[in-house]
Structure formats: C-alpha cells, structure tokens
> 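Next up is a structure, given as structure tokens.
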Number of protein chains: 2
Amino acid sequence: MVTMRDVAERANVSIATVSFVINGTKRVAPETRARIEAAIEELDYRRNVVARALASSRTRILALLHPDLEARPNATVIQFVMSAAHGARERGYDLVLWPVNDDEQMSHLLAGGLVDGALLMEVQIRDSRVDRLVASRVPFALIGRTENDDLPYVDIDFATTIDEAVGHLRSFGHERIALVTQRTKAGPGDEPGRIMRAEAAYLDATSALGRPPAVIPVEGTSAGGREAARTLHDGFPDATAVILVNEGASAGLVKGSRALGRSIPDDLSIISASTTRELGEMIEPSLTVMAAPAPQLGRLAADALIDQLEGVQEAPPHLLIPCTLVPGQSVGPPPQARRH
Amino acid sequence: MVTMRDVAERANVSIATVSFVINGTKRVAPETRARIEAAIEELDYRRNVVARALASSRTRILALLHPDLEARPNATVIQFVMSAAHGARERGYDLVLWPVNDDEQMSHLLAGGLVDGALLMEVQIRDSRVDRLVASRVPFALIGRTENDDLPYVDIDFATTIDEAVGHLRSFGHERIALVTQRTKAGPGDEPGRIMRAEAAYLDATSALGRPPAVIPVEGTSAGGREAARTLHDGFPDATAVILVNEGASAGLVKGSRALGRSIPDDLSIISASTTRELGEMIEPSLTVMAAPAPQLGRLAADALIDQLEGVQEAPPHLLIPCTLVPGQSVGPPPQARRH
DNA sequence: CTGAAAGCGCTTACAG
DNA sequence: CTGAAAGCGCTTACAG
C-alpha cells in the first residue's frame with residue numbers, strides 16, 4: 001500500500017505539504033505542488049479514508065436509518081434510498097444502510113462514531129427514534145415530520161397533494177369521495193405522519209363539500225386493497241370516487257372493485273396518491289396517480305444534511321414538495337352525471 | 001467523548017487490557033474483567049469504530065456496487081439490497097451503497113480503503129467491473145456470474161427456473177412457447193448473464209419440443225411489454241404461451257395482449273420468471289410467477305463475503321438457487337386443447 | 001494474566 | 001511557503 005509518506009519522499013517534501021495539496025487546505029508553491037501531483041500520479045496514490053477520518057474526526061459517512069421491513073418496501077421508499085445514496089456520493093459522502101427497528105440498537109450504532117450524520121425515514125408523528133437521534137448529538141435530517149416542526153426535515157406536501165386530488169375529482173363532478181389509508185400496527189397517534197396529514201387534509205376538503213367523511217384504513221397489500229373495495233361497497237355505497245394514500249393496496253382496490261362488478265372509472269373513480277408513475281401504468285385501467293417526488297426528496301435530504309455538516313446553511317431546512325398529478329384512465333365523471 | 005483511556009483509568013488497568021475484554025482476544029482474570037465491564041457500563045463507553053478500523057486494518061464495512069440506474073430498479077433488485085444490508089448488519093458489518101457506472105470511479109472508491117469487501121450486482125457475462133475488482137485486491141462476491149465460474153458468486157439458477165416454467169406450461173399442453181427477454185443497451189455478449197442463461201435454457205427446452213424458437217427482446221417497461229404483445233401477435237401468432245424474463249415488461253405484456261383482443265389465459269398463457277409474488281398479485285388476472293429467491297440471495301451473498309473475510313470458508317462459494325413457482329390465473333390449457 | 005509502547009495513516013495547530 | 005511533531009483512539013506483538 002502506498003502511503004502519504006511514500007509520496008512525500010518521492011516529491012522531497014514533508015507529509016504535511018502533501019496533505020495540503022490533496023485537501024487544498026493551504027497554499028503551496030506551484031513548483032512544489034507540481035512535484036507532489038506528479039508523485040501522486042506516478043505512485044497511483046489514494047489517500048486512506050479511514051486514517052483521514054480518524055485524524056480529522058470526520059468520516060464523511062452518512063447513515064440511512066430505515067425500518068427493517070419484513071414486508072417489501074414499496075417503490076417510493078426505494079426511490080428515496082437510491083436518490084439519497086446518489087446525492088451523497090456526488091458530494092463525496094458514503095451512505096450506509098441501517099435497517100433498525102430497535103431504538104437501543106440505533107443509539108448503539110450512532111455512538112460508534114462511524115457516521116457524521118443520519119437520515120431518518122418513515123418518521124412518525126410521535127417518534128421515539130427522533131428523541132434518540134437528538135440525544136445522540138449526531139446531526140440529522142428527517143424524511144417526514146414529527147409534531148415538532150423545528151427539526152430539519154424534507155417531506156411530501158400531503159395537504160397540497162390531497163387538495164389537488166380532491167380538486168381533480170371535483171372537476172369531474174364528484175362530491176362523495178372516500179379515502180383509503182394505511183393501517184399501522186402502532187396505535188393511533190403513532191402512525192406515520194403522512195397518514196395523519198393526508199387524513200386531515202381530506203377531512204378539510206370533504207367538510208367543504210358538506211359530505212360525511214369516509215376513511216378506510218387497510219393493510220398495504222393486495223389483500224388490503226380488496227378489503228377496501230368490499231368496505232367501500234358495503235359501507236359507503238354512495239361514494240363515487242376514492243383517493244388512496246396506500247401504495248401497496250392500489251392494485252388490490254382496482255381488482256377488488258371490478259370483482260364486485262364495479263367498472264372503473266364508470267362506477268368508481270380512483271386516484272392513488274404518493275406513488276410512482278410506473279405503478280399507474282402497470283394497472284388496468286391505467287391508474288391516475290399523484291407521483292411522489294421521491295427521487296428529488298432523497299437527494300434533497302442528503303444535501304440538507306451535508307450542508308448542515310459543512311456549515312453551509314443558515315436555518316434548519318424545511319422542505320415540502322407536493323406530488324404531481326399524472327392522469328391515467330381511472331378517473332371519469334360520476335355515474336349520476338353520466339345518466340343526465 | 002469517552003475513550004478507552006477513560007475506561008482504563010476508572011478500572012485501574014491499561015488500555016490493552018480493556019481492549020482484550022472488549023474484543024475477547026485474550027483471557028483476562030475474572031475480577032479484572034468485572035471491573036472493566038463495570039467501568040464500561042458506568043461510563044456508557046462505546047468503542048470508536050474508526051480508530052479500531054485504522055489500528056486493525058479492518059473496517060467491517062462492505063460495499064454494495066450497483067449500477068446507478070436512471071430507470072427505476074425493479075422490486076427484485078431492492079430485495080437483494082435490503083437483505084444484503086440486513087445480513088451484513090446481523091454479523092456486525094455495515095453496508096455502503098455505491099451507485100457507480102464508471103469503472104474508473106469504482107477503482108477509485110475501492111482504493112480508498114473504506115471497505116473490507118464488495119458485493120457486485122447486475123453482473124454481466126463479460127464484465128469489466130469484475131476485472132477491476134480482481135485487480136483491486138479487495139475481496140468480493142458476485143450476485144450473478146461471468147463466464148468465469150471460478151469467482152465467488154451467488155446467483156439465481158435460471159436453467160432450472162426456465163426448465164420448470166416450460167414444464168409447467170407443457171403439463172397444460174403447450175408446445176409453442178415464446179420467450180420475452182430484456183433488451184440491453186450493451187451489445188450482445190455484454191448482456192446480463194440472466195438473459196443469456198435463460199435464453200440458453202429456453203432454446204434447449206424448445207428444441208426438445210421440436211418447435212422453432214421465438215425470442216422477443218424488449219425494454220423493461222410497460223411500453224416494452226406492450227411492444228412484446230404486438231410482436232408476439234404479429235410475428236409468432238401460433239405461440240400459445242409465453243415466458244417472461246423481464247420483470248418490468250410483465251404488466252405491459254398482459255395489458256397489451258388484452259388490448260389486442262387476446263384473453264388470458266384462454267388465448268395466451270403467461271409466466272413471469274424471476275420476479276416477486278407481489279407483482280403477480282397486482283396484475284389482473286393474477287400472474288403465475290417464478291418468484292426470485294432475492295431475499296435469501298442478498299443475505300447469502302453477504303454471508304459468503306464475510307466468511308471469506310474472516311477466513312471461515314474453504315472454497316469460493318458457488319451458490320445457485322432456482323425461483324419458486326407461484327401459480328396465479330394466467331396459465332391454462334392452449335386454445336386447441338380446449339376446443340377438443 | 002497484565003502493561004508499556006509502537007504503530008495504523010492521516011490532519012492540524014504551531015514555528016520558522 | 002514548508003516542516004517537525006503531536007495527536008486522532010484504537011490493536012497488537014513483545015516482555016515480564
């Protein structure tokens with residue numbers, strides 16, 4: 001292994017000077033710099049990142065803390081992960097994946113000094129992991145939000161997203177609109193913020209319509225989607241449209257509704273919010289979706305955290321981005337409107 | 001920050017002894033050990049992983065090298081990633097995500113000394129990244145295989161998988177079976193091994209049937225799937241069944257075939273090989289799939305690599321696991337058979 | 001069974 | 001503009 005010492009000897013300088021040119025931390029005479037750069041080139045030298053980390057007490061490694069899902073993570077989660085990894089790499093940082101469900105284990109990992117900062121996914125309204133993070137003194141950024149809006153975060157703007165979805169349906173004449181959400185093992189209050197915020201926005205919008213709300217929480221699976229179709233059919237027969245905030249149940253809702261003899265969109269219009277375009281294309285009829293800005297958000301989260309680590313920024317970042325409407329073939333006028 | 005020195009002072013021993021009990025590297029008198037453990041507990045000491053890495057020249061970090069996909073990685077890829085991260089963590093290793101397409105950049109990262117070993121995904125028959133990996137002297141395991149079978153790998157057994165798929169279709173009476181593969185930007189020969197191996201197994205099986213082969217390479221997207229439906233319809237009208245080795249095109253093939261007036265499975269039977277159960281459930285009618293052993297393979301790859309690093313193993317690991325048939329509703333008897 | 005000491009390969013005040 | 005030296009927090013022969 002070629003070390004900085006080898007380079008220094010070959011260039012006839014001290015290792016300090018080599019360090020200065022590699023890091024650009026001090027001005028070095030042009031001729032000296034040239035000699036050093038030549039030596040680096042000739043020896044094919046690469047600075048050891050571990051030694052650098054120890055000496056500078058900066059590892060340039062970030063952790064991505066995510067629940068260790070027995071269930072399959074959905075496509076949106078993946079886009080977060082990949083774009084965060086990419087964004088980090090582009091700025092010279094590495095991203096380690098920490099699949100942890102246990103607060104204790106998380107604190108342990110954080111205390112090991114491997115990472116300079118952490119990104120936390122699947123943040124809940126009340127989230128003990130966030131308390132641990134704060135206590136660990138490791139800088140972080142949340143992907144999602146808690147009740148406490150002061151912490152640095154990056155999140156989907158669910159209020160705007162749901163408003164737009166409702167507006168889209170209303171423009172077709174729908175007034176009775178149901179909401180399918182995701183059931184969590186956690187009790188009420190500990191659910192992911194997206195569920196609570198989407199629900200709040202939905203309640204707002206339906207109260208404006210003067211119609212009683214219809215909220216149906218199911219599992220994020222095909223079976224959950226079919227269950228939602230049944231509940232909708234039996235419990236809310238007057239609903240002419242439904243908005244999903246449950247990626248995994250989307251396909252099941254469509255299949256389940258059709259199995260119950262309801263044609264889409266003739267009998268029922270469907271919008272799946274906070275998901276991917278690809279999902280919409282896979283389903284028949286093509287689903288109208290609100291595409292999540294996951295690819296941007298992952299990178300933004302990484303950038304926000306790195307800015308914080310490098311002292312580039314002023315205030316803690318608070319970024320909210322709504323989903324984008326991607327029309328498919330699952331939304332049309334409600335049955336009454338078509339009859340007239 | 002509390003260091004090993006703090007612990008040593010509090011327990012009245014040298015830091016060497018503290019190191020011995022933490023790592024279990026040397027026997028220590030029970031009373032001494034107890035004093036040290038108490039001190040660790042009281043000070044809530046956590047060994048610094050960076051210092052340990054530098055001193056022991058073992059970072060306990062693994063890299064997961066994967067292409068930096070502009071396109072969305074499919075569900076199977078994700079399962080690999082997540083299970084590899086989980087498997088690594090369980091053995092005390094961290095997994096960093098390295099989205100790299102450029103060989104040069106890969107070598108650079110490898111030379112930095114951050115990782116003890118690497119896992120390489122999306123391996124191609126001829127793969128310059130593998131040559132770089134070998135040259136870098138960093139231990140590795142492949143997820144997939146090159147031509148050179150001597151290197152350590154973990155892979156899906158495509159030959160067996162395709163054989164089973166063909167067998168399943170033949171048991172329903174199909175004789176004319178087409179294969180839809182994935183088109184790659186790389187030239188022939190540089191495609192992912194799974195395509196070549198699946199194709200070879202398919203050619204074998206169809207030659208046994210005495211029928212000319214029908215191989216249709218398309219993009220791994222919904223549009224690609226629809227294109228495959230058209231090609232199949234126009235170019236191979238006598239085919240009564242099709243096997244996909246193209247996860248992303250599965251839904252499009254179903255939608256496209258139905259759009260062309262072909263009922264599934266009445267007019268055309270479909271099996272999607274090397275994908276997830278979830279994909280099968282999402283599609284209407286439910287797709288018969290060969291579920292990829294991705295959740296196991298990711299972990300096995302991590303285990304194989306770690307065994308290698310820790311000198312636990314004898315020979316380089318060569319693990320092949322076939323996909324599992326999960327019957328859906330997309331396979332039935334061919335039209336001729338039903339007519340009789 | 002325990003300790004003193006060298007060393008891992010860098011960065012960074014501090015001098016000059 | 002450059003260098004000598006301390007130090008980052010550990011591990012690991014080597015002695016005793």
Side-chain angles (χ1 to χ4, degrees), chain A residues 1-37 39-40 43-61 92 94 110-116 309-311, chain B residues 1-37 39-40 43-61 92 94 110-116 309-311:
Chain A
M1 176 190 230
V2 24
T3 72
M4 200 170 257
R5 182 164 311 282
D6 299 323
V7 174
E9 278 171 10
R10 184 175 195 105
N12 265 310
V13 293
S14 73
I15 59 166
T17 308
V18 175
S19 176
F20 298 150
V21 345
I22 286 181
N23 297 304
T25 33
K26 265 195 186 174
R27 77 170 332 106
V28 170
E31 316 83 74
T32 315
R33 162 186 303 278
R35 274 209 320 283
I36 291 170
E37 281 167 349
I40 288 173
L43 296 172
D44 195 23
Y45 168 71
R46 278 283 291 167
R47 115 148 94 22
N48 180 297
V49 298
V50 177
R52 167 152 103 131
L54 183 60
S56 65
S57 53
R58 301 271 325 273
T59 63
R60 302 193 146 248
I61 300 175
D94 290 294
L110 255 13
L114 180 68
V115 303
D116 287 344
L309 293 175
E310 299 185 344
Chain B
M1 177 190 232
V2 23
T3 71
M4 200 169 255
R5 183 166 309 282
D6 299 322
V7 174
E9 278 172 11
R10 185 175 193 106
N12 265 311
V13 293
S14 73
I15 60 166
T17 309
V18 175
S19 176
F20 298 150
V21 346
I22 287 180
N23 297 303
T25 33
K26 266 195 185 173
R27 79 171 328 108
V28 171
E31 316 83 75
T32 314
R33 161 186 302 279
R35 272 209 323 281
I36 291 171
E37 281 167 349
I40 288 173
L43 296 173
D44 194 24
Y45 168 71
R46 278 283 292 166
R47 116 147 96 18
N48 180 297
V49 299
V50 178
R52 166 152 102 133
L54 183 59
S56 64
S57 52
R58 299 270 328 272
T59 64
R60 302 192 146 249
I61 300 176
D94 290 295
L110 255 14
L114 180 68
V115 304
D116 287 345
L309 293 175
E310 300 186 343

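Letters A, B, ... mirror the listed sequences (proteins, then strands); counts begin at 1.
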> Residues two or more places apart in sequence or in another chain: which of them pass side-chain hydrogen bond (donor to acceptor under 3.5 Å, both in side chains) with A:R35?
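Checked A:R35 against side-chain hydrogen bond (donor to acceptor under 3.5 Å, both in side chains); zero matches.
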> Is there a side-chain contact between B:V115 and A:D94, using heavy atoms and a 4.5 Å cut-off?
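No, too far: nothing below the 4.5 Å cut-off.
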> B:T17 side chain N/O closer than 4.0 Å to the phosphate oxygens (OP1, OP2) of C:dG3?
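Indeed, a polar side-chain atom of B:T17 lies that close.
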> Describe the nucleic acid contact of A:R47 in one word from base, sugar-phosphate, nothing, applying a heavy-atom distance below 4.0 Å.
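Sugar-phosphate contact only.
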> Determine: side-chain N/O of B:T25 to OP1/OP2 of D:dT12, distance under 4.0 Å, yes or no.
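Checking B:T25 against D:dT12: no side-chain N or O falls below 4.0 Å of OP1 or OP2.
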> Roughly, in whole Å, what's the span from NZ in A:K26 to P in C:dA13?
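Between P of C:dA13 and NZ of A:K26: 9 Å.
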> Tell me what B:V49 touches on the nucleic acid: a base, only sugar-phosphate, or nothing, going by heavy atoms under 4.0 Å.
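Here B:V49 touches no strand at all.
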> Looking at A:Y45 and A:M4, what are the two nearest heavy atoms and their distance?
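Looks like CE1-N, 3.5 Å.
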> Measure from CE on A:M4 to C1' on D:dA4 and round the result to the nearest Å.
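From A:M4 CE to D:dA4 C1': 16 Å.
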> Nearest 0.5 angstrom please: B:R47 CZ to B:S19 OG, how far?
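That separation rounds to 8.0 Å.
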> Using a cut-off of 4.0 Å on non-hydrogen atoms, how would the nucleic acid contact of A:A29 be classed: base, sugar-phosphate, or nothing?
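Sugar-phosphate only.
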> A:I22 has an atom CD1; how far is it from atom C1' of C:dC10, in whole Å?
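Taking CD1 of A:I22 and C1' of C:dC10, I get 10 Å after rounding.
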> C:dT12 P sits how many Å from A:F20 CZ, rounded?
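Nearest whole value for this atom pair: 9 Å.
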> Please figure out whether B:S14 or A:A51 has its closest DNA chain C nucleotide nearer the 5' end.
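Closer to the 5' end of DNA chain C: B:S14.
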> Please determine whether side chain to side chain contact (heavy atoms under 4.5 Å, CB included) holds for the pair A:R10 and A:L43, giving the CA-CA distance in whole Å, both sets of side-chain angles, and the decisive distance to 0.1 Å.
CA-CA 9 Å; A:R10 184 175 195 105; A:L43 296 172; 3.7 Å; yes
> Measure from CG on A:L54 to C1' on C:dT12 and round the result to the nearest Å.
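Those two atoms, CG and C1', are 13 Å apart.
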> Starting the side chain at C-beta, find the nucleotide from D:dC8, C:dA4, C:dT12 nearest to B:A16.
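From the listed options, C:dA4 comes nearest.
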> In whole angstrom, give the distance that lies between atom CD of A:E9 and atom P of D:dA4.
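The distance from CD of A:E9 to P of D:dA4 comes to 12 Å, rounded to the nearest Å.
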> Between C1' on C:dC8 and CZ on A:R52, what's the gap in Å once rounded to a whole number?
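Roughly 17 Å, once rounded to whole Å.
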> To the nearest angstrom, how far is A:Y45 atom OH from C:dG9 atom P?
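Atom OH in A:Y45 sits about 10 Å away from atom P in C:dG9.
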> Ignoring hydrogens, what is the shortest heavy-atom contact between B:T59 and A:V50? Give both atom names and the distance.
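Taking every non-hydrogen atom into account, CG2-CG2, 3.6 Å.
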> Using a cut-off of less than 4.0 Å, is there contact between a side-chain N or O of B:S19 and OP1 or OP2 of D:dT12?
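It does not, given that no N or O in the side chain of B:S19 lies less than 4.0 Å from OP1 or OP2 of D:dT12.
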> In which stems does DNA chain D show up, taking only runs of three or more Watson-Crick or G-U wobble pairs whose two distances fall under 3.5 Å?
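Paired runs of 3+ in DNA chain D: C:1-3 with D:14-16, C:5-12 with D:5-12, C:14-16 with D:1-3.
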> Using a cut-off of 6.0 Å, state whether more than 12 heavy atoms not belonging to A:R5 lie near its atom CZ.
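Atom CZ in A:R5 is not crowded, with 12 or fewer foreign heavy atoms closer than 6.0 Å.
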> Return whichever of A:V28 or B:N23 has its heavy-atom-nearest nucleotide of DNA chain D closer to the 5' end.
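Taking each residue's closest nucleotide, the earlier one in sequence belongs to A:V28.
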> What's the separation between atom CG in A:L54 and atom CZ in B:R52, rounded to the nearest 0.5 Å?
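Interatomic distance, A:L54 CG to B:R52 CZ, rounded to 0.5 Å: 14.0 Å.
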> Which part of the nucleic acid, if any, lies within reach of A:V50 when heavy atoms closer than 4.0 Å are counted: base, sugar-phosphate only, or nothing?
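Counting heavy atoms under 4.0 Å across all strands, no contact is made by A:V50.
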